[in-house]
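Notes follow the structure.
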Amino acid sequence: MASPLTAGFCELVFNSAEAPEGVEPILQILSVKKINAPGASGQDRYRLILSDGKHFIQAMIATQLNPMVESKEIDKNVLIKLTGYVTNAVQGRKLVIILQLETVPWNGEKIGNPTNLEQAQNAGGASNQSTSAAAPAPVVKQEVGGFQARQQSNAGRGGAQARAAAGGRGKQEVGPLYPIEGLSPYQNKWTIKARVTQKSDIKHYSNQRGEGKLFSVTFMDETGEIRATGFNEAVDNFYNLLEEGKVFFISRARINIAKKQFSNVNNEYEIMFENQTEIEPCDDDSVPQVKFNFKGIDDLGNTQKDELCDVIGIVKEVGELGSVTSKATNKPFAKRDIQLVDSSGHSVRLTLWGKQAETFQADDQPVIAFKGVKVGDFGGRSLSMFSSATMSVNPDIPEAHALRGWFDAEGRNTQFQQYTSAMNNAAGASGAAGGVKPSEIKTIGEAKDEGLGMSEKTDYFTTTATIAFIKQETFSYPACANPEGCNKKVVDDGSGWLCEKCDKKWDAPIHRYILSLNVMDHTGSFWITLFNDQAEQVLEVSANELMRLKDEGSDINSYFQKATGKTLTLQMMAKQDSFNDQPRVRYTCRKANVPDYRADSAHLINLINQMNV
DNA sequence: CCCCCCCC
């Protein structure tokens with residue numbers, strides 16, 4: 001019986017510089033193995049050993065074919081027809097990269113007794129390397145993950161390849177067209193067709209190694225994105241050529257391992273432009289526009305500080321334009337904070353800087369997609385936009401439309417959960433791991449009944465309650481007057497107020513609140529502690545001023561009376577504590593707000609809707 | 001080979 005396999009294919013690959021043109025071989029899979037090195041996008045990668053009945057050869061499959069491995073369509077002894085592939089030499093070894101394949105019906109038996117072609121060839125001592133001057137295109141007839149029309153555009157490329165051929169240097173100067181996802185340091189001949197989605201300014205630097213300049217761009221195609229950097233001469237050669245938004249062919253550049261801490265580009269590798277790098281503009285506009293890798297606002301607790309991420313949200317509030325002076329350079333910077341919310345019900349502050357802060361306008365609560373914003377831990381979690389980040393207002397992408405729909409239908413009336421700095425110390429900064437979430441609305445009765453603050457973990461919750469009583473006897477403590485902000489308790493030793501921490505003596509302390517309030521709602525009451533900022537907000541007088549009035553014998557009772565009866569929405573922390581060896585819960589108020597009755601009502605409507613009546 | 005990106 002004739003073998004269904006394409007006899008001689010392995011030898012053909014081994015002896016050709018590029019994939020054999022027009023050949024769609026049928027091969028048998030001898031083994032499937034997951035390799036340890038992740039793919040460009042961090043996905044699993046699989047290596048196959050393929051047999052033509054006589055020899056076997058190694059192959060990698062593009063990650064879009066991974067599901068076929070997982071479903072066992074790609075498995076040992078299965079016959080496959082390669083309908084899209086390229087070949088590559090890696091340190092003298094040949095590798096087939098499969099972009100598209102079809103399975104061929106077969107009874108599951110192994111065919112023939114194939115041997116390792118490389119060993120056979122090397123043992124024979126003969127090098128049959130092709131000296132063909134032709135530059136065959138890779139075989140891709142149908143759509144491969146959006147790589148349709150590759151052959152046409154590749155062939156129509158004209159530029160680098162045609163010039164190389166005209167230069168009479170024999171071998172093609174550039175490799176076949178690759179998906180960005182398929183790039184790795186182990187391949188040297190490739191061309192990508194990609195859009196520039198971001199281009200940096202030219203940056204000049206000077207360090208021990210000397211002076212220089214550099215710029216970077218992000219390239220994107222249907223399969224992924226990759227960052228590319230050019231130094232010195234590459235800046236002169238390519239900076240003006242590479243325009244944001246335009247499509248280019250790029251070849252003959254180096255692939256390095258990406259330094260991920262400096263980039264949010266979703267690729268294990270990055271491109272380094274070299275002197276022989278070739279970049280040619282491309283008219284084909286089919287390459288997609290921008291690729292986001294959104295992180296939900298509620299998920300920012302699971303990111304590390306300083307990590308870069310993409311976030312999409314509704315601009316709920318726009319802060320005033322402000323200015324700060326950089327500690328490092330003493331230079332002033334314009335800044336503007338905005339509040340972003342998404343359908344997770346969480347909100348986060350995002351800071352814009354410089355020109356972007358000055359010109360930012362969003363009075364109609366638009367959707368904005370941010371790319372490459374930096375996560376900070378101020379106030380639990382915050383975001384900061386810097387020069388390499390980009391923003392798209394009301395982008396035409398599904399995530400944006402979904403968010404718009406959600407916000408207009410219900411999000412408008414949602415009370416959003418804010419990050420709090422206490423979450424930096426709490427187990428699991430997301431606030432979701434174990435402890436009650438800060439925005440979870442509880443009545444006082446529920447907080448007690450559910451035993452919040454009774455476990456090892458600190459619980460956070462929000463409650464709306466009315467001040468029933470404020471303890472007047474002790475409302476403050478004498479604190480260190482250091483203008484840098486120390487706030488430690490100081491003691492009067494007769495010659496002044498000593499701060500042990502600052503090792504300084506002050507003529508007078510600054511009094512700070514530790515205020516005990518009894519607050520109640522329709523379910524019960526509890527004692528809570530307010531520290532300086534919250535207490536000052538409630539009493540509308542500073543502790544220092546109140547202490548001065550008290551010391552001069554004025555009646556300060558009116559301040560406490562004025563605050564009593566106020567109803568506030570309190571962001572609470574419930575923490576285990578002990579008093580006279582008895583365990584008890586200490587309730588601390590982290591933030592007091594005027595109630596948002598609209599949001600509270602929306603919460604109640606939610607609860608009503610959940611009732612089974 | 002850069003990689004700083006600001007403040008509370």
Side-chain angles (χ1 to χ4, degrees), chain A residues 198-218 226-239 253-265 267 269-275 277 304-309 317 319-339 348-358 360 370-391 418-424 482-487 531-534 536-537 590-591:
Chain A
Q198 202 266 340
K199 182 171 90 163
S200 75
D201 294 328
I202 297 172
K203 191 196 159 185
H204 295 264
Y205 65 92
S206 154
N207 56 26
Q208 308 95 303
R209 298 157 191 263
E211 294 192 353
K213 58 183 175 179
L214 73 132
F215 79 111
S216 67
V217 292
T218 305
I226 191 163
R227 188 170 120 124
T229 305
F231 284 88
N232 303 319
E233 259 182 82
V235 177
D236 302 333
N237 290 339
F238 305 126
Y239 186 80
R254 191 152 44 114
I255 308 278
N256 289 333
I257 304 289
K259 294 174 189 168
K260 303 210 88 173
Q261 68 270 34
F262 303 125
S263 156
N264 68 317
V265 172
N267 201 311
Y269 306 117
E270 61 187 23
I271 290 173
M272 190 72 77
F273 297 139
E274 296 181 300
N275 286 336
T277 295
Q304 295 298 310
K305 174 172 149 59
D306 297 336
E307 202 172 294
L308 299 175
C309 66
E317 281 167 44
E320 297 291 309
L321 181 64
S323 175
V324 295
T325 305
S326 163
K327 278 178 178 168
T329 62
N330 256 341
K331 275 194 229 162
F333 280 90
K335 82 158 224 174
R336 189 195 297 272
D337 289 338
I338 63 174
Q339 289 292 330
V348 69
R349 191 185 80 174
L350 184 145
T351 304
L352 304 166
W353 300 98
K355 196 156 271 170
Q356 235 152 11
E358 286 165 9
F360 186 85
F370 291 89
K371 184 154 191 61
V373 289
K374 187 160 127 175
V375 177
D377 66 356
F378 184 76
R381 277 292 176 274
S382 57
L383 297 171
S384 180
M385 172 132 186
F386 55 89
S387 56
S388 70
T390 60
M391 68 165 129
Q418 293 176 346
Y419 284 92
T420 71
S421 49
M423 288 160 66
N424 291 332
N482 194 334
E484 308 274 318
C486 163
N487 300 343
F531 288 101
N532 198 57
D533 294 354
Q534 295 78 13
E536 185 172 312
Q537 188 192 336
R590 307 194 39 72
K591 201 168 195 293

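These numbers were taken from a predicted model, which means no experiment stands behind them.
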With the side chain defined as heavy atoms from C-beta on, A:M272 is closest, among B:dC7, B:dC2, B:dC8, to B:dC2
Round to a whole Å and report the spacing from CD of A:Q198 to P of B:dC2.
19 Å
Would you say A:K259 places a side-chain N or O within less than 4.0 Å of OP1 or OP2 belonging to B:dC1?
yes
For the base of B:dC4, is there a side-chain donor-acceptor partner from A:Y205 under 3.5 Å away?
no
For A:F378 and B:dC8, is the gap between ring centres under 5.5 Å while the planes differ by less than 30°?
yes
Give a yes or no answer on whether the side chain of A:R336 reaches the backbone of A:L352 with a donor-acceptor pair at less than 3.5 Å.
no
Looking at A:R349 and B:dC8, is any side-chain donor or acceptor paired with a base atom of the opposite kind under 3.5 Å?
yes
Would the distance check show the side chain of A:E274 and the main-chain N or O of A:A253 forming a donor-acceptor pair, the cut-off being under 3.5 Å?
no
Distance in angstrom units between A:F215 CZ and B:dC1 P, rounded:
17 Å
Atom CD1 of A:I271 and atom C1' of B:dC1 are separated, to the nearest Å, by 18 Å
How many Å lie between CG on A:L321 and C1' on B:dC7, as a whole number?
13 Å
Inter-residue atom distance A:Q339.CD - A:R349.CZ, 0.5 Å rounding
8.0 Å
Once you apply a heavy-atom cut-off of 4.0 Å, does A:R227 come out as touching a base, just sugar-phosphate, or nothing?
base
Using whole Å, what does the distance between atom P of nucleotide B:dC6 and atom CG of A:L383 come to?
12 Å
With sugar-phosphate meaning primed atoms plus P, OP1 and OP2, does A:K374 contact a base, only sugar-phosphate, or nothing at under 4.0 Å between heavy atoms?
sugar-phosphate
Whole angstroms only, please: what is the CG-C1' distance between A:N487 and B:dC8?
14 Å
Can you figure out which of B:dC6, B:dC8, B:dC1 approaches the side chain of A:F231 most closely?
B:dC1
Quick one: pull up OH in A:Y205 and CZ in A:F231 and give me the separation to the nearest 0.5 Å.
5.0 Å
Would you mind telling me which of B:dC5, B:dC7, B:dC1 lies closest to the side-chain atoms of A:F386?
B:dC5
Side-chain N or O of A:N207 closer than 4.0 Å to phosphate OP1/OP2 of B:dC2:
yes
Ring of A:Y239, cation from A:K213 - is the NZ or CZ under 6.0 Å from the centre and inside 45° of the axis?
no
Round to the nearest Å and state the distance from A:L308 atom CG to B:dC4 atom C1'.
13 Å
Hey, is the side chain of A:T325 poking within less than 4.0 Å of OP1 or OP2 on B:dC7, counting only N and O atoms?
no
Length of the line joining A:L214:CG and B:dC4:C1', which is rounded to integer Å:
12 Å
So what does A:T229 touch, heavy atoms closer than 4.0 Å: a base, only the sugar-phosphate, or nothing?
base
